[in-house]
A.B. asks: 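One structure, as structure tokens, below. Some questions next.
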Protein chains: 2
Amino acid sequence: MAYRETEKIQARKADTKAKILSAARQIIALEGFGGLTMAAAAKQAGVATGSMYRYFPNKIELCTALFRQLSGREVDEMRAIAKLDLRPAEALARCCFNFTQRAFRAPVQSYALMAEPLDPALEMERLIYRRAYAEVYQCIIERGIEAGDFEELDSHTASLAVVGMLAEPLLAPLHQFYSGESEPFDSRKLALSISRLCLNSLGSKAQLKNQDFDEQFNEYA
Amino acid sequence: MAYRETEKIQARKADTKAKILSAARQIIALEGFGGLTMAAAAKQAGVATGSMYRYFPNKIELCTALFRQLSGREVDEMRAIAKLDLRPAEALARCCFNFTQRAFRAPVQSYALMAEPLDPALEMERLIYRRAYAEVYQCIIERGIEAGDFEELDSHTASLAVVGMLAEPLLAPLHQFYSGESEPFDSRKLALSISRLCLNSLGSKAQLKNQDFDEQFNEYA
DNA sequence: AGATAAAGTGAATCATGATTCACACCTTTA
DNA sequence: TAAAGGTGTGAATCATGATTCACTTTATCT
């Protein structure tokens, strides 16, 4: 045996893998999954097309890894809010604001993750992450029900509905960015409307004041 | 000039065009857009591949026509409910039930229309139809606000949120059908939860009794 | 019937983009 | 430094499926 992978090489490989993922991310942020070809990603990462296959067995795996990385971050963000020991209504409202906020920070990428046509194999991933979002919300909702802040309802369905409520109103404006016709957009106002609908749907009596939202908005801005 | 299109031919052409659309629809209902190739649709319709292009300039146009036909029906269904001169809360609840009901009647097709990865060109159509659904809901919502049945809120955002609330909780179960693992599913219970969330979100005080939903469900079953 | 203009056909062609592969080039170990 | 076992390369290959086109058949009109 005259060769064994050494630390240095492992590090380099990890680095290259990260570079590839990063390149793919850049492409997605600019053009969505539609612009992501193996050749383009290779070029952007500064490696040969063939090298891509030393790091990912095929394109699907690359896309999956990327999708998980990006969606994972978003879900983690929600989880972090859920951990904060806030009143459930406050927590959900923050989720609304944070989600909306972040979506418009990287609109094309967000659109790609949320709604862009993907390889069918990836659609499963999307469902999995929607489920993950829903679980976070479900947890908050259940706390709210226990605390008597929300009315008794099917927390599972409610959590999915919240996912829909948060995402759907963003799609049209995000698509604008995706298709190039970006216009200035007041995401704060939108988030405010959505969070109200969201809390209403759960039967929350909490009426967070506008002020609260403003502060929170700035906190995450 | 020794040839001019006659009525008979026009009728036949219209018929063939319809046959092609119908064939495409059958394929979609069974396998989603993923299974829809020009060759497959031609075979199903009983025409040659090349003939497809006498009726549709390209695949996108065919898909678009089909998408419009199918989505149009669904939206019309909602419009019909909106016209019924019901209390806004009742109208919205019916929309919930009808939408859910119809979705599970043709689950693969519904999934295809709602969420399946499509050619990007079609994604625009999807947005347009989401918008159309939203407009129907917006109309109902505004009536509800005027009547004092709903609280004052941004009816535009609310209508989009309703679209999301109605669609999102259906996706996972519909996907089951799409990917082959169909399981018996209680769509009635789901519709009940959703309609409650929906009305809540608008600040409706109306509490439709379970009974009402049961009847309505049967009406559309 | 003969001329004209479509409509119908399906095998061949194209386009796109993922994937492979034979070869060059490093790293490690003895 | 030679052998062994990677890693890197990018042009060539493949797969899929849309689209074309030269040709056949059908319909209409004089």
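As the structure is a computational prediction, the values presented were derived from the model and not from experiment.
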A.B. asks: Rounded to whole angstroms, how far apart are CD1 on A:Ile20 and P on C:dA18?
C.D. replies: 14 Å
A.B. asks: More than 12 heavy atoms of other residues, nucleotides or ligands under 6.0 Å from CD of A:Gln10: yes or no?
C.D. replies: yes
A.B. asks: Rounded to whole Å, please give me the gap between NZ in B:Lys59 and P in D:dT20.
C.D. replies: 15 Å
A.B. asks: Report the distance from atom CG of A:Asn58 to atom C1' of C:dG17, rounded to the nearest whole Å.
C.D. replies: 14 Å
A.B. asks: Under 3.5 Å, is there a donor-acceptor pair linking the side chains of B:Glu125 and B:Thr64?
C.D. replies: no
A.B. asks: Just how far, in rounded Å, is C1' of D:dT20 from CZ of B:Phe56?
C.D. replies: 19 Å
A.B. asks: When the distance from CE of B:Met38 to P of D:dT16 is rounded to whole Å, what number comes out?
C.D. replies: 19 Å
A.B. asks: Roughly how many Å is it from CZ in A:Phe33 to P in C:dT16, rounded to a whole number?
C.D. replies: 22 Å
A.B. asks: Does the protein touch nucleotides 6-12 of chain D at the base, only the backbone, or not at all? Give it as B, S and - per nucleotide, heavy atoms under 4.0 Å.
C.D. replies: -BBBB--
A.B. asks: What is the distance, to the nearest angstrom, from the CG atom on A:Asp119 to the P atom on C:dG17?
C.D. replies: 14 Å
A.B. asks: B:Ser110 side chain to B:Ala103 main-chain N or O, any donor-acceptor pair under 3.5 Å?
C.D. replies: yes
A.B. asks: Using every non-hydrogen atom in the two residues, find where A:Asn58 and A:Met38 come nearest and quote the distance to one decimal.
C.D. replies: C-CE, 4.2 Å
A.B. asks: Do we see a donor-acceptor contact under 3.5 Å between the side chains of B:Arg25 and B:Gln69?
C.D. replies: yes
A.B. asks: I need the full list of salt bridge (charged side-chain N to carboxylate O under 4.0 Å, His left out) pairs touching residues 173-185 of chain A, with sequence neighbours left out, sorted by first then second residue.
C.D. replies: none
A.B. asks: How many whole angstroms separate atom CG of B:Leu36 from atom P of D:dG17?
C.D. replies: 11 Å
